[in-house]
Amino acid sequence: MTNSPTPPYEPRNVQGMILRGYTHRYSCHMLFTFADRKGATDFIRALLPYVQSAEAWSNKPERMLNIGLTFDGVLTFEPGFKSQFPTEFEAGPWSADSQQSLHDTGPSDPKVWWNATKQAVHCIVHVYGLTAEALGSLVTTVSQAAGTNRVSEILPLKPERGQSGRLEEYAPLENYIHFGYKDGIDNPGLAWPADPAVPTNPVKSDPGDANNFLVGYPGSTFQPGPETGRAGRFAKDGCYNAFRVLYQDVRAFDQFLADTAPMVVAAIGGSEDHAREWLAAKLVGRWRNGSPLVLSPDAPDQATSDKTDFLYKRDDGNALRCPFSAHSRVSNPRDETMLPTGTPVPRLIRRGVPYGAPPVPPDYDGERGLIGIFLCGALAAQFEKLYSWINVNDFSNAYSPGFNTQDALLANRGAAGDRSFTIAMPIGNPIRILSLPQFIVTRGTAYCLLPSMETLRGIAGLLE
Amino acid sequence: MANPLTLYIPIKQDQTTQDAAQAARKHFVSTYTPALDHFGKVHYARFVLIPNHAVPGKILAICVMTSFDGPTNPYLTDFWNDPALREVFAGLAKMALADTSITDYTGFENFINENNLSEIGELYQAYKYTVVQIKADVKYPA
Ligand code: HEM
């Protein structure tokens with residue numbers, strides 16, 4: 001990571017969730033469709049007093065929100081912006097090219113996203129509260145503002161088992177997510193490059209630097225845009241959000257661990273309980289408490305549970321600690337040699353939270369998963385590129401002889417990859433699992449721009 | 001399976017542009033082989049000049065046809081960040097009949113997508129291997 005004391009952007013012009021990981025325990029992520037420009041303008045204006053910027057706060061706000069707009073949402077305010085934003089943002093995550101990376105087939109088919117609603121998503125409001133009451137009151141305010149401005153709410157989940165159908169964070173899990181892992185450990189440093197490169201020679205900044213996430217600054221290999229014209233001014237200091245809701249099939253996951261445990265016991269000894277934990281760690285590259293396998297290969301260790309300072313090629317080149325296709329090793333291969341050589345590893349700012357209560361086995365029914373918030377400056381060059389690697393590990397010649405294994409946890413097994421999973425062993429044959437099951441189903445995806453505070457004021461009609 | 005990209009760009013009819021198009025075709029393979037080799041995802045690339053039947057001797061359009069592995073948009077930044085490849089596209093945009101000035105990467109990405117006549121899936125391929133697999137001589141069935 002490179003560092004400069006004064007970045008050129010103003011934190012008070014950037015929406016808070018981009019640069020800060022909120023620790024508010026309660027959140028709700030509300031999807032809306034606008035009916036007309038006037039209603040949309042009045043809706044945003046009503047929410048504006050609650051929008052949190054990235055400026056440091058002296059007192060933690062009890063309740064606050066951030067706003068994202070899909071391209072259809074942007075067009076509601078600026079119909080002239082067609083063909084001026086990145087193609088994948090305009091075309092949407094269901095488009096043929098995006099689907100080459102995302103591979104949402106079968107139960108993940110875009111046709112059934114958002115509980116098969118026919119309505120287009122225009123706007124996502126991310127509401128946060130320190131308490132359930134604080135969250136509830138702001139959700140009511142947002143909902144009333146929608147009602148009075150012909151803005152209709154989409155309920156993205158089936159309202160079943162007493163749930164509202166809204167995307168509500170399941171707060172008791174705190175820093176953990178379904179499948180039992182600690183999450184949100186490794187995120188980009190968001191420093192500013194010390195040597196801001198000129199646009200014609202952009203390969204200078206660290207992929208975790210903030211100029212790769214905020215639109216409108218030079219020196220990023222990933223080229224956040226648009227940079228020029230009216231659209232460039234509209235997008236400046238914004239950031240894209242690949243908002244992706246993923247159902248987690250805990251039944252399939254637990255079953256897989258139980259079914260495979262005897263094979264693991266045969267290889268490493270010990271109990272089946274231990275074998276299940278060991279296997280869970282091998283799927284992700286971290287033990288469930290967060291300890292990375294590269295640093296704690298034999299057992300979880302509290303002292304390493306938040307550690308991020310390790311490399312793969314240097315520290316575990318033969319994957320004897322962390323398997324190549326482990327989720328963390330695919331979604332951030334760190335120092336592995338890339339194809340083409342010299343291309344940087346894209347990073348994502350992860351702000352996701354779990355939804356739905358965990359199951360009480362043997363009853364696994366019910367809706368639960370991850371409200372995935374993946375922030376980036378370039379949806380294609382960062383989010384989609386990583387997603388294509390998740391579905392097929394073809395980005396490094398270290399990964400598999402056929403260049404087509406898949407992320408052990410996430411991949412859509414319907415993609416044209418090799419479903420097997422190999423765990424290299426220091427002594428004896430590797431453990432080879434022939435066919436990994438499907439653990440994840442996509443419930444919906446929306447590509448949003450989280451515009452700057454100034455742009456939000458502009459579309460709320462407050463700058464004229 | 002690979003995907004097709006067929007860039008079809010009608011060009012200006014003045015002599016400078018016409019000469020530039022001829023020169024670009026002549027040097028296309030030799031100039032861009034190193035960059036495409038390094039990129040490692042393109043199976044084939046052709047640079048074709050489409051004759052203007054209404055005005056004999058003139059070129060109506062340039063057509064760049066490629067088949068490559070995986071999605072297009074995530075890898076376009078690699079083209080943009082490669083000075084040699086960026087030059088090809090800047091040259092194409094300059095020759096285009098439609099007034100196209102590419103002022104940033106977003107403009108470049110839209111230029112490629114808007115002039116691409118092919119859709120994903122519209123390609124016959126006799127084999128299912130990727131360029132990387134073929135070059136590494138991967139033997140087992142994918
Ligand atoms: C329900 C789905 C998912 C689950 C259960 C999951 C789980 C995890 C876990 C347990 C970690 C390790 C802890 C940490 O570093 O924070 C992790 C890391 C990570 N995940 Fe996921 N994840 C999911 C979806 C995704 C998706 C869709 C992406 C990308 C598009 C992604 C990208 C990442 C990245 C970039 C890291 C950090 C790796 C590193 O820097 O070492 N995850 N994930």
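Residue numbers begin at 1 in each chain, while the letters A, B, ... track the order of the sequences. What you see below is based on every heavy atom in this structure, not just the backbone, and it leaves out hydrogens, waters and symmetry mates.
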Atom group of [X] that falls short of 4.5 Å from chain B, counting heavy atoms:
{"X": "Gln382(A)", "result": "neither"}
{"X": "Thr343(A)", "result": "side chain"}
{"X": "Phe383(A)", "result": "neither"}
{"X": "Tyr387(A)", "result": "neither"}

* Apply side-chain contact (heavy atoms from CB on, under 4.5 Å) to the pair Ile120(B) and Gln99(A), showing each step before the final yes or no. => CA-CA 10 Å; Ile120(B) 302 271; Gln99(A) 282 301 317; over 6 Å; no

* Structure fact -> Of Asn116(B), Ile112(B), Asn113(B), the one forming a side chain to side chain contact (heavy atoms under 4.5 Å, CB included) with Thr87(A) is Asn113(B)

* Name the member of Ser98(A), Pro226(A), Ala96(A) that forms the most heavy-atom pairs with chain B at distances under 4.5 Å. => Pro226(A)

* To do: Just give me the residue among Leu339(A), Thr341(A), Asp394(A) that pairs up with chain B most often, heavy atom to heavy atom, under 4.5 Å.
  => Thr341(A)

* Structure fact -> If one checks every heavy atom of Asn3(B) against chain A at 4.5 Å, the contacting part turns out to be side chain

* **Which atoms of Glu114(B) approach chain A - backbone, side chain, both or neither, heavy atom under 4.5 Å** => side chain

* Could you walk me through whether Lys385(A) and Asp78(B) pass side-chain contact (heavy atoms from CB on, under 4.5 Å), step by step? => CA-CA 11 Å; Lys385(A) 193 184 252 190; Asp78(B) 295 336; 3.4 Å; yes

* Asked: Pick from Thr106(B), Thr72(B), Leu76(B), Asp69(B): which one has the most heavy-atom pairs with chain A under 4.5 Å?
  -> Thr106(B)

Heavy-atom closest pair, residues [X] and [Y]:
{"X": "Ala136(B)", "Y": "Phe403(A)", "value": "CB-CE1, 3.5 Å"}
{"X": "Gln133(B)", "Y": "Gly402(A)", "value": "NE2-O, 2.5 Å"}
{"X": "Pro71(B)", "Y": "Gln100(A)", "value": "CB-CB, 3.6 Å"}

* Heavy-atom side-chain proximity of Ser101(A) to Pro74(B) below 4.5 angstrom -> yes

* To do: With the side chain counted from C-beta on, respond yes when Ser220(A) and Tyr105(B) share a heavy-atom pair under 4.5 Å apart, and no when they do not.
  => no

* Flag, side chain of Asn73(B) to backbone of Asp97(A), donor-acceptor distance under 3.5 Å -> no

* Should we count OH of Tyr127(B) as having more than 12 external heavy atoms under 6.0 Å? -> yes

* Does a sphere of radius 6.0 Å around CD in Glu119(B) hold more than 12 heavy atoms from other residues, nucleotides or ligands, not counting ones at 6.0 Å or beyond? -> no

